[in-house]
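By convention here, the first residue in the shown sequence is residue 1. In this text, all values refer to a predicted model and were calculated from it rather than measured experimentally.
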Amino acid sequence: MNTIGSDEAGVGDYFGPMTVCAAYVPKEKIALLKELGVKDSKNLSNSTVDKLAREIIHIVPYSLVVLDNPSYNKKIDEGWNIVKLKAVLHDHCIRKTFEKMEQPDDLEAIVIDQFTTEKAYRKYVPDPFMLNLVHQETKAESKSIAVACASILARSRYLEQMSNLNRSLKQEVPRGASKKTDLFAAKLAERQGMDFVDSISKKHFKSRDKVKELLNKKYD
């Protein structure tokens, strides 16, 4: 089907932004994208993701948003939760992608990698775009080539943002949320302060409490 797919990256990582992308894949482009190797980005290396992203942007219309850490933290402080953030940004990217379509009447489906219920989606997006076409699918990257494209583009931009952070700090920032991440953040906070760590991380993560615990133990 002629499909707009959407996905996000960076949501489970303490450091770095959240990126959300939607991409439109018409039926006639599916074979080409599959031939290039487009598939679930979880099964692709970082270098392959970057290579594919550079090709996808010349093949299909898309819309991508980078929610940097200060903006992300501001929304959370204002009472937004992660589901609302995702819902609003997915809807935004889907609308913007639709606007870039040469033949908008051809759109047959909108597939979102499932992150909530339809009821919650409608709660956070009171006027969702073309809700009659929206399908939330689990593991959608492996079922829809449009979601796979969006996933690759979102992940590629997230990786680019992390590379920029690595360069500015002159060291590699760990991905995810783990003891390794906590220890790295504590060492960084010791040198540059907790405010600096907050400016490049997601403050509502439990990692932040663990970082503060590590700092307190050091000075007990």
Is the [atom1] atom of [X] crowded by more than 12 outside heavy atoms at less than 6.0 Å?
X      : atom1 : value
Glu102 : CD    : no
Glu160 : CD    : yes
Arg122 : CZ    : no
Gln103 : CD    : no
Lys139 : NZ    : no

Checking [X] side chain against [Y] main chain: does a donor-acceptor pair fall under 3.5 Å?
X      : Y      : value
Thr97  : Ser63  : yes
Ser201 : Val197 : yes
Asp68  : Pro17  : no
Glu108 : Asn2   : yes
Ser71  : Leu67  : no
Ser142 : Ala140 : no
Asn73  : Asn69  : yes
Asn166 : Val173 : yes

Heavy-atom distance under 4.5 Å between the side chains of [X] and [Y], does that happen here?
X      : Y      : result
Leu44  : Lys39  : yes
Thr116 : Tyr124 : no
Asp13  : Met162 : no
Met130 : Ile110 : yes
Leu169 : Gln192 : yes
Leu153 : Ile57  : yes
Leu131 : Glu118 : yes
Lys34  : Ile145 : yes

Measuring from atom [atom1] of [X] to atom [atom2] of [Y], what distance do you get when rounded to the nearest 0.5 angstrom?
X      : Y      : atom1 : atom2 : answer
His92  : Ser6   : NE2   : OG    : 12.0 Å
Asp91  : Lys96  : CG    : NZ    : 11.0 Å
Tyr24  : Glu99  : OH    : CD    : 15.5 Å
Ile152 : Glu141 : CD1   : CD    : 10.0 Å
Lys27  : Thr3   : NZ    : OG1   : 9.0 Å
Ile200 : Asp195 : CD1   : CG    : 12.0 Å

Give a yes or no on whether a salt bridge exists between [X] and [Y], defined as a side-chain N under 4.0 angstrom from a carboxylate O.
X      : Y      : result
Lys187 : Glu190 : no
Asp7   : Arg155 : no
Glu213 : Lys210 : no

[X] and [Y]: same hydrophobic cluster, using ILVMFWY side-chain contacts below 4.5 Å?
X      : Y      : value
Val11  : Val147 : no
Val111 : Ile59  : no
Met1   : Ile4   : no

Trace of the side chain to side chain contact (heavy atoms under 4.5 Å, CB included) decision for Val83 with Lys123: CA-CA 10 Å; Val83 175; Lys123 172 187 172 185; over 6 Å; no
Of all the heavy-atom pairs spanning [X] and [Y], show the shortest one and how long it is.
X      : Y      : answer
Ser207 : Ala177 : OG-CB, 3.8 Å
Ala185 : Tyr14  : CB-CE2, 3.9 Å
Phe184 : Pro174 : CG-CD, 3.5 Å
Val125 : Val88  : CG2-N, 4.0 Å
Ala109 : His135 : CB-CD2, 4.3 Å
Thr138 : Gln114 : CG2-OE1, 3.2 Å

With Asp198, the salt bridge (charged side-chain N to carboxylate O under 4.0 Å, His left out) member among Lys74, Lys212, Arg208: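 Answer after filtering Lys74, Lys212, Arg208: Arg208.
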His204 and Tyr72: CA distance, side-chain angles, deciding distance, side chain to side chain contact (heavy atoms under 4.5 Å, CB included) verdict: CA-CA 10 Å; His204 70 104; Tyr72 180 101; 2.6 Å; yes
Six-ring centre of Phe15, Lys202 cation under 6.0 angstrom, axis tolerance 45°: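 Ring-cation test returns no.
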Distance-only check: which donor-acceptor pairs under 3.5 Å involve side-chain atoms of residues 48-56, not counting sequence neighbours?
{"unit_1": "Thr48", "atom_1": "OG1", "unit_2": "Ser45", "atom_2": "OG", "d": "2.8"}
{"unit_1": "Asp50", "atom_1": "OD1", "unit_2": "Ser156", "atom_2": "OG", "d": "3.0"}

Side chain to side chain donor-acceptor pair (under 3.5 Å) involving Asp106 - partner list, sequence neighbours excluded: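 Expected list: none.
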Residue pair Met18, Ile82: steps toward the side chain to side chain contact (heavy atoms under 4.5 Å, CB included) verdict: CA-CA 10 Å; Met18 171 179 165; Ile82 189 63; 4.1 Å; yes
Side chain to side chain contact (heavy atoms under 4.5 Å, CB included) evaluation trace for Tyr62 with Cys21: CA-CA 7 Å; Tyr62 70 96; Cys21 182; 4.2 Å; yes
Phe115 and His90 aromatic centres sub-6.0 Å: yes
Qualifying residues under ring pair (Phe, Tyr, Trp, His ring centres under 6.0 Å), relative to Phe129, sequence neighbours excluded: Phe98
